[in-house]
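Bear in mind that the values here come from a model prediction, so they are computed numbers and not experimental data.
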Amino acid sequence: MDRIPFETVQARLAEVLRGLGFSWDRAALSARLFAETTRDGVYSHGVNRFSRFVAMIHNSSIDPAAEPRVLAQVGALERWDGQRGPGNLNAHAAMARALESARAHGIGCVAMGNTNHWMRGGTYGWQAADAGMVGICWTNTMPNVPPWGATEPCIGNNPLVIAVPRAKGNVALDMAMSQFSYGALESYRKRGLMLPVDGGFDAQGNLTRDPAAIEATQRLLPIGYWKGSGLAVVLDIVAAMLALGNATRHVVPDPLRETGLSQVFVAINPKALRGEEQMDRIADQVVDSLHACLPANPDDAVRYPGEQAQRLREENGRLGLPIDAAVWSEILAM
């Protein structure tokens, strides 16, 4: 891995996007979101995902000039059409609007259909928590996980994000409905590593930690077995219903043409109810109790969701973003 300064990476990605028809401000924001994802250690959905993003622009799955528009609004609830614009820009705008609504109403919700892959879902949770609000968001995906009891992919891994503001470090959960996302499987495979726990089934129907074997069968293991499978289904239904958009069953099962997705963005303003000091103290006490738990491995501390991301953010910001030389060469050649 090469270590490349954050600013260098962001500038190059923005330059590529400008050449693809993005305005200056939209290119800069999209590039920043990609670079921040790699900086925070989510390598599968950051710079490593950029070439796929560019390919989807070339095949017209993503319209670089499209911006979302409001279809309906009542109180704190809105329905948007993403118009197949860049997924990370659409999602950032939707959460920004949910935050604005939450400042006025205490809560805000934007349901968006006809959009694209949002890259790292945790980005929009951090966006809310950094603004002092609880952020909850999720998306459906193309069918890429077998429902519990099935052998073929019929449901999405439908990532769910829940982020909580905290002065000493936000708590941010970002999880797919499969034990490992396809991006994580690819990352482990490229590094020649086995998964730390079983992640799916091999060709013989046995649970395995071999990422390549799981990619071959496309039989990812849902989190919590039937529970994760069920959660993926209800997340899909709610997103598609609120957005009046596509459910997973309508999305083309092709990573390069995975478009027309449905997503939900919720912001909750704790300050609207007052008692901020007490709420922050509650969050601190939960985190302190986790840190006080006896670790299974004496060399590893028990962490709260988002703690590792904050450590890697500092490390990668200081040392430079770790980027595979082949990936960076491809981006330089664009």
Separation between [atom1] of [X] and [atom2] of [Y], rounded to the nearest 0.5 Å:
| X | Y | atom1 | atom2 | answer |
| --- | --- | --- | --- | --- |
| Met177 | Asn157 | CE | CG | 8.5 Å |
| Leu17 | Trp24 | CG | CH2 | 11.0 Å |
| Asp25 | Ser30 | CG | OG | 11.5 Å |
| Gln263 | Asn140 | CD | CG | 7.5 Å |
| Tyr182 | Arg189 | OH | CZ | 12.0 Å |
| Ile107 | Asn269 | CD1 | CG | 10.0 Å |

> Any idea how Phe22 and Phe53 line up, ring-wise: parallel (<30°), tilted (30 to 60°), or perpendicular (>60°)?
Replying inline: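 If you compare the ring of Phe22 with that of Phe53, the planes turn out tilted.
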> Is the Trp148 ring parallel, tilted or perpendicular to the Trp226 ring (thresholds 30°, 60°)?
Replying inline: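 It falls in the perpendicular class, over 60°.
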[X], [atom1]: over 12 other non-hydrogen atoms inside 6.0 angstrom:
| X | atom1 | value |
| --- | --- | --- |
| Arg274 | CZ | no |
| Met241 | CE | no |
| Gln73 | CD | yes |

Could you pull out the closest heavy-atom pair between [X] and [Y], with the gap in Å?
| X | Y | answer |
| --- | --- | --- |
| Asp324 | Met1 | N-SD, 3.2 Å |
| Val264 | Cys109 | CG1-SG, 3.9 Å |
| Gln310 | Gly169 | OE1-CA, 3.3 Å |
| Arg26 | Ala65 | NH2-C, 4.2 Å |
| Asn170 | Pro165 | OD1-CA, 3.4 Å |
| Glu315 | Arg3 | OE2-NH2, 3.8 Å |

>> Evaluate Asn116 against Thr259 for side-chain hydrogen bond (donor to acceptor under 3.5 Å, both in side chains), listing each step before the verdict.
In response: CA-CA 5 Å; Asn116 277 298; Thr259 189; 2.7 Å; yes
For the side chain of [X] and the backbone of [Y], is there at least one donor-acceptor N/O pair under 3.5 Å apart?
| X | Y | value |
| --- | --- | --- |
| Ser262 | Asn246 | yes |
| Thr38 | Ala35 | no |
| Tyr124 | Trp118 | yes |
| His291 | Asp288 | no |
| Gln179 | Leu221 | no |
| Asp40 | Val42 | no |

Are any of the side-chain heavy atoms of [X] and [Y] separated by less than 4.5 Å?
| X | Y | value |
| --- | --- | --- |
| Val327 | Tyr43 | no |
| Phe265 | Trp80 | no |
| Val134 | Pro270 | yes |
| Asp174 | Thr123 | no |
| Pro305 | Met175 | no |
| Phe201 | Leu207 | yes |
| Leu20 | His58 | yes |
| Arg79 | Leu244 | yes |

Are [Y] and [X] connected in a single hydrophobic cluster, I mean Ile/Leu/Val/Met/Phe/Trp/Tyr linked by side-chain heavy atoms less than 4.5 Å apart?
| X | Y | result |
| --- | --- | --- |
| Leu173 | Leu290 | no |
| Leu13 | Ile62 | yes |
| Val47 | Tyr188 | no |
| Val234 | Leu160 | yes |

May I ask you to say whether [X] pairs ionically with [Y], meaning some side-chain N is under 4.0 Å from a carboxylate O?
| X | Y | answer |
| --- | --- | --- |
| Arg281 | Glu277 | no |
| Arg18 | Glu15 | no |
| Arg103 | Glu100 | no |
| Asp63 | Arg84 | no |

>> Just by distance, no angles: are the side chains of Arg97 and Ser101 close enough, under 3.5 Å, to form a donor-acceptor pair?
In response: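 Their side chains do not contain a donor-acceptor pair, so the 3.5 Å distance test is not met.
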Can you name the one residue among [options] that meets side chain to side chain contact (heavy atoms under 4.5 Å, CB included) with [X]?
| X | options | answer |
| --- | --- | --- |
| Asp236 | Val251, Leu231, Thr248 | Thr248 |
| Phe50 | Met119, Met334, Glu330 | Met334 |
| Asp81 | Thr115, Asn90, Asn114 | Asn114 |

>> Test side-chain hydrogen bond (donor to acceptor under 3.5 Å, both in side chains) on Arg12 and Thr8; report intermediate values, then the result.
In response: CA-CA 6 Å; Arg12 177 54 189 160; Thr8 302; over 6 Å; no
> Should the pair Arg32 and Phe34 be classed as cation-pi, given the thresholds of under 6.0 Å to the six-membered ring centre and 45° from the axis?
Replying inline: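 Verdict for Phe34: no cation-pi partner in Arg32.
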> Which is it for His117 and Arg52 under the side-chain hydrogen bond (donor to acceptor under 3.5 Å, both in side chains) test, yes or no, and what are the steps along the way?
Replying inline: CA-CA 11 Å; His117 195 305; Arg52 184 187 299 183; 5.8 Å; no
> Of all residues at least two apart in sequence or in a different chain, which pass the salt bridge (Lys or Arg N to Asp or Glu O under 4.0 Å) check with Glu186?
Replying inline: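 Lys190.
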>> Glu307 vs Arg311, test: salt bridge (charged side-chain N to carboxylate O under 4.0 Å, His left out). Steps then yes/no.
In response: CA-CA 6 Å; Glu307 187 170 5; Arg311 183 189 69 78; over 6 Å; no
